[in-house]
2 protein chains.
Amino acid sequence: MPTHYKGSPAEERALNTYIRLTRANDTLQAHLKRGGTMRALTESQFGTLEALYHLGPLCQGEIGEKILKSSGNMTMVVDNLEKRGLVQRERSREDRRQIEVSLTKEGRQLIESIFPQHAGAIVQAFDTLSASEQEQLGTLCRKLGHALVNEELAVAEKS
Amino acid sequence: MPTHYKGSPAEERALNTYIRLTRANDTLQAHLKRGGTMRALTESQFGTLEALYHLGPLCQGEIGEKILKSSGNMTMVVDNLEKRGLVQRERSREDRRQIEVSLTKEGRQLIESIFPQHAGAIVQAFDTLSASEQEQLGTLCRKLGHALVNEELAVAEKS
DNA sequence: TTCAAATAGTTCAACATTGAAATATTATCC
DNA sequence: GGATAATATTTCAATGTTGAACTATTTGAA
C-alpha cells in the first residue's frame, strides 16, 4: 500500500517507509489486542502494570516517561487501575508532590499471569521474520528513534 | 531501552524488536506533530484529507479502511472536519446507506498547501537512515504487516 | 530567609478510539 | 415476494490523549 504521491525518489522512499512502519505498528497492536492476552487492559494500563512489575514502585511522572504519555493522562490511567484494585497510590514522604504508585497483590498476580502469554503472542507475531531480520528491524528502529530524540534534545538545548 | 524480562533468546529478541518498533513509531509521530506541518489537524483528520485528496471522494467506511479506524470513529472525525468546512457529506444515490465524503474547496486548498511541507518533514526525519536502510526497514515492516494481516484473514476464513 | 522558578499532580475541554447496540437500507435465499 | 442476512452509519459509554490552566510543594538564588 505505497503512497500515491508523485515526488522525488527520496520523497517516495521516505514516504513509503513511513507508511509501512506506521501500518506495521498499527497492525501489530490490533493483532495483539485481538489475541486476548491483554485481558481487559488497555495498552497504557498494560504498560503501567508492566513497568511497575519490572521496575518496582514508581511515581506517576516516571511511569509516564516509560510509556511516553502525558502527566494529565497518567492521572486517568492510574485512576482506572486503582478503581480496579490493581495498583495503589501513596504520597511520598521525601517529596510530598510525588505520588508513589505500586502494584497491589491482585495487580501483581494479574501481570504475572498475563505477561508470559503476552510475550508468547509477541514471539509468534514476529515469527514470520528470521532472527537476523528481527535484529535488523530492531536496529533500524532504534537508530531512527535515537536520531529523532537527539534532534529534540538539540532543539530544547537552545531554549 | 530493552525489555527487563528474562526469557529465552527468542523471547528477548522478539520483545526487544517489538519495543523498538513501537517506540520508533511513537517518537516519529510525536516528532511530526511537534514539527507543526500538520497545522491544527489530528492524525486521523490529516489521514482523511490525504485519502480524499489522492483517491477522490470516498464513503466513510472506505476512509476507515484506509486509515485503519472504526466506523464509529469515522463519524466523529468526519463530523469535526465538516464543522471546519474542510469536507462535505452527501448521501449516495445508488446505495442510500452510504455517505460520500468529499473535499470542499477549503479542504483541498489546505491539504495542497500542507502536504509538500509534511512530506519534507518525513524525508528529514528519515534522513538519518541511508536509502538502502530505508528500503530495508520498509521491506521488513511490510513483511511483518502482511504476515499478520494474512493470519487474521485465515482466522476469519474459518468462521 | 524569603521570594521566584521549577516540579508533580490534578482538572478541564476537545477530540480520539473502540465495541456494542440501534437504525436504515440493500441483498439474498426460499 | 417476503423473511432474513448483510452492510453503512449513528449513537453511546468508557477510556484514552493532549495541552493548558491551576494547586501544592520544593528548590534555588538574592
Side-chain angles (χ1 to χ4, degrees), chain A residues 22 25-27 29-36 38-49 57-84 86-101 156 159, chain B residues 22 25-27 29-36 38-49 57-84 86-101 156 159:
Chain A
T22 297
N25 185 68
D26 288 351
T27 305
Q29 301 303 342
H31 178 81
L32 291 176
K33 190 182 293 182
R34 270 185 51 114
M38 293 171 68
R39 307 289 172 85
L41 296 172
T42 66
E43 259 183 71
S44 290
Q45 290 174 346
F46 187 90
T48 299
L49 293 186
L58 299 170
C59 70
Q60 289 187 191
E62 290 172 316
I63 303 173
E65 270 175 47
K66 299 291 173 200
I67 68 172
L68 305 177
K69 294 294 146 68
S70 69
S71 65
N73 191 14
M74 288 316 304
T75 297
M76 159 126 299
V77 172
V78 173
D79 274 355
N80 287 322
L81 288 172
E82 200 179 28
K83 274 186 212 155
R84 287 171 61 173
L86 300 175
V87 304
Q88 59 205 5
R89 281 179 161 110
E90 191 182 1
R91 196 161 283 279
S92 162
R93 301 232 175 146
E94 310 91 65
D95 186 338
R96 296 185 41 73
R97 289 170 304 184
Q98 295 186 167
I99 295 188
E100 283 263 316
V101 183
S159 58
Chain B
T22 297
N25 185 67
D26 288 350
T27 304
Q29 301 304 342
H31 177 82
L32 291 175
K33 188 181 294 183
R34 271 185 51 114
M38 294 170 67
R39 307 290 172 86
L41 297 172
T42 66
E43 258 183 73
S44 291
Q45 290 174 345
F46 187 91
T48 298
L49 294 186
L58 298 170
C59 71
Q60 289 188 189
E62 290 173 315
I63 302 173
E65 270 175 46
K66 299 291 172 199
I67 69 172
L68 305 178
K69 294 294 147 67
S70 70
S71 64
N73 191 14
M74 288 317 302
T75 298
M76 160 125 297
V77 172
V78 173
D79 273 355
N80 288 322
L81 287 172
E82 201 179 28
K83 273 185 212 157
R84 287 172 60 174
L86 300 174
V87 304
Q88 58 206 3
R89 282 178 160 111
E90 191 182 0
R91 194 161 285 278
S92 164
R93 301 229 175 146
E94 310 92 65
D95 186 339
R96 297 185 42 72
R97 289 170 303 184
Q98 295 185 165
I99 294 188
E100 283 262 314
V101 183
S159 58

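Note that the coordinates shown come from a computational prediction; the quantities given were computed from them, not determined experimentally. Letters A, B, ... are given to chains in the order of the sequence lines, protein chains preceding strands, and every chain is numbered from 1.
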Exercise. Please identify each residue that fulfils side chain to side chain donor-acceptor pair (under 3.5 Å) with B:Q88, with sequence neighbours left out.
Key: B:S102

Exercise. At the 4.0 Å heavy-atom cut-off to chain B, mark where contacts on DNA chain D begin and end, going 5' to 3'.
Key: D:dA6 to D:dT11

Quiz item: Between atom CD of B:E43 and atom NZ of B:K69, what is the distance when rounded to the nearest 0.5 Å?
Solution: 6.5 Å

Practice problem: Round to a whole Å and report the spacing from CG of A:L41 to P of C:dT17. | Solution: 21 Å

Exercise. Could you pull out all residues at least two apart from B:R89 that satisfy side chain to side chain donor-acceptor pair (under 3.5 Å)?
Key: B:Q60, B:D79, B:E82

Quiz item: For B:D95, what residues pass the side chain to side chain donor-acceptor pair (under 3.5 Å) criterion, not counting sequence neighbours?
Solution: B:R97

Quiz item: So, the side chain of A:Q29 versus the backbone of A:D26: is there a donor-acceptor pair under 3.5 Å, distance only?
Solution: no

Quiz item: More 5' along DNA chain D: A:R93 or A:E43, using each one's nearest nucleotide?
Solution: A:E43

Self-check item: Greater than 12 external heavy atoms within 6.0 Å of A:R96's CZ
Solution: no

Quiz prompt | Sugar-phosphate or base contact per nucleotide [nucleotides 8-16 of chain C; S, B, -; heavy atom under 4.0 Å] | solution = SSBB---SS

Practice problem: Output all residues satisfying side chain to side chain donor-acceptor pair (under 3.5 Å) with A:N73, sequence neighbours left out; order by chain, then residue number. | Solution: none

Quiz item: To the nearest 0.5 Å, how far apart are CG in A:L81 and CG in A:L49?
Solution: 5.0 Å

